[in-house]
Amino acid sequence: MIVSPSVLSCDFGNIERDTKMLHSSQADWLHIDVMDGVFVPNISFGFPILDAIRKHTDKVLDVHLMIANPDKYIQDFKKSGADILTVHFEACPHLHRTIGAIKELGMKAGVALNPHTPVSFLEEVIKDLDLVLIMSVNPGFGGQKFIPSSVEKVAKLSDLITKSGSNAIIEVDGGVNFETGKLLSNAGARALVAGSFVFGSPDPLETIAGLKNL
Ligand code: DX5
Ligand code: ZN
């Protein structure tokens, strides 16, 4: 299992300390949630924070854009060190072009689906994608309750990926813990994002190691 702890739940007053902790952990990627207060009802952070994180780790930065009109900023996220750039299906009227623009800059391209968006909407682009991010909460906030139907959705996506011969990785985001993580893993998820579960635990390093071994 690929583990991608969400920096959104870290202590921003100690971002250097927390980034170094994640760097020394068994986490494969660092999940970076960018929110604009337009696409989602919350604002998180932007480029200066990404730059600060990039300074303290060379791990894969898994950047999740919860912003309207992401096309405008693709180049800037590349400059700030994004390795994987994931945009929301619901924010991209010209998704095929957006995916192409991300890959052209040498980043991996991901598409995130809100809980109400069916996986079948990805049929025409699935072969072009490196990653699909299934949202198992409505995006905008950490610490929300896991939506149980996400497990079935992961299984459906896994089918679509197999049938189409796509190499896309299935990642899941929201309410992940050992219990939901196990169900998702059995359904075909290959990467798990976890924010409050990691940072709210007494020993984040051990929690990350536990998720890795699900
Ligand atoms: C939610 C974000 C998530 C969030 C997950 O909009 O996309 O990445 O940090 O937080 P937890 O793991 O606490 O549900
Ligand atoms: Zn996220």
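Just follow the structure's listing: the first ligand is 1, and inside any ligand the first atom is 1.
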Legend entry - Heavy atoms of other groups near Tyr73 OH, more than 12 under 6.0 Å: no

Legend entry - Protein N, O or S atoms lying under 2.8 Å from the Zn ion (ligand 2), listed by chain and number: His31 NE2, Asp33 OD1, His64 ND1, Asp173 OD2

Inset, instruction - Can you sort out which atoms of ligand 1 are near Gly174, meaning under 4.0 Å from one of its heavy atoms? - result: 14 (O)

Legend entry - Polar side-chain atom of Thr207 near backbone of Asp203 as donor-acceptor pair, under 3.5 Å: yes

Inset, instruction - Using distance alone, decide if ligand 1 has a nitrogen or oxygen within less than 3.5 Å of any nitrogen or oxygen in Leu8. - result: no

Inset, instruction - For a side chain to side chain contact (heavy atoms under 4.5 Å, CB included) with Val111, tell me which candidate from Ile126, Val132, Leu95 qualifies. - result: Leu95

Legend entry - Minimum heavy-atom distance Lys103-Ala109, with the two atoms named: CG-CB, 3.8 Å

Inset, instruction - Could you establish whether Phe141 and ligand 1 come within less than 4.0 Å of each other, counting only heavy atoms on the residue side? - result: yes

Inset, instruction - Would you mind running through ligand 1 and noting each atom that sits below 4.0 Å from a heavy atom of Met35? - result: 6 (O)

Inset, instruction - Would you please indicate if the ring centroids of His31 and His64 are separated by under 6.0 Å? - result: yes

Legend entry - Close-contact set for ligand 1 against Asp33 heavy atoms, below 4.0 Å: 2 (C), 3 (C), 4 (C), 7 (O), 8 (O), 9 (O)

Legend entry - Distance-minimising heavy-atom pair for Gly175 and Thr180: O-OG1, 3.0 Å

Legend entry - Numbered atoms of ligand 1 (with element) below 4.0 Å of Gly142, judged on heavy atoms: 10 (O), 13 (O)

Inset, instruction - For atom 12 (O) of ligand 1, grab the closest protein heavy atom and report residue, atom and distance to one decimal in Å. - result: Gly195 N, 2.8 Å

Legend entry - Euclidean distance, Ser150 OG relative to Leu113 CG, rounded to 0.5 Å: 11.0 Å

Inset, instruction - Record the part of Ser196 in heavy-atom contact with ligand 1 below 4.0 Å; permitted values are side chain, backbone, both and neither. - result: both

Inset, instruction - Would you mind checking which non-hydrogen protein atom is closest to atom 14 (O) of ligand 1, with the distance to 0.1 Å? - result: Gly175 N, 2.8 Å

Inset, instruction - Mark yes or no for whether Lys78, through its side chain, and Leu105, through its backbone, hold a donor-acceptor pair below 3.5 Å. - result: yes

Inset, instruction - Report, in ascending order of atom number, the atoms of ligand 1 lying under 4.0 Å from any heavy atom of Gly143. - result: 10 (O), 11 (P), 13 (O), 14 (O)

Inset, instruction - Indicate whether the side chain of Asp159 and that of Thr162 have a donor and an acceptor atom separated by less than 3.5 Å. - result: no

Inset, instruction - Quick one: look up the protein heavy atom nearest atom 9 (O) of ligand 1 and list residue, atom name and how far away it is. - result: Ser6 OG, 2.8 Å

Inset, instruction - Specify the protein heavy atom at minimum distance from atom 6 (O) of ligand 1: its residue, its atom name, and the distance to 0.1 Å. - result: Gly140 N, 2.8 Å

Legend entry - Ring geometry between Phe178 and Phe197 (parallel below 30°, tilted from 30 to 60°, perpendicular above 60°): perpendicular

Legend entry - Atoms in ligand 1 flagged as close to His31, the criterion being non-hydrogen separation under 4.0 Å: 8 (O)

Inset, instruction - Taking only heavy atoms of His64 into account, list the atoms of ligand 1 that are under 4.0 Å away from them. - result: 7 (O)

Inset, instruction - Identify, by atom number and element, the atoms of ligand 1 in contact range of Met66, meaning under 4.0 Å from any of its heavy atoms. - result: 6 (O), 7 (O)

Inset, instruction - Check step by step if salt bridge (charged side-chain N to carboxylate O under 4.0 Å, His left out) holds for Glu152 and Lys156. - result: CA-CA 6 Å; Glu152 181 59 32; Lys156 276 188 199 159; 5.2 Å; no

Inset, instruction - Kindly give the heavy-atom pair with the smallest separation between Ile53 and Thr19, and that separation in Å. - result: O-CG2, 3.7 Å

Legend entry - Asp62 and Ser4 side chains, donor-acceptor separation under 3.5 Å: yes

Inset, instruction - For atom 5 (C) of ligand 1, grab the closest protein heavy atom and report residue, atom and distance to one decimal in Å. - result: Asp173 OD1, 3.5 Å

Legend entry - Closest heavy-atom pair and its distance - Ser80, Arg54: O-CB, 4.0 Å

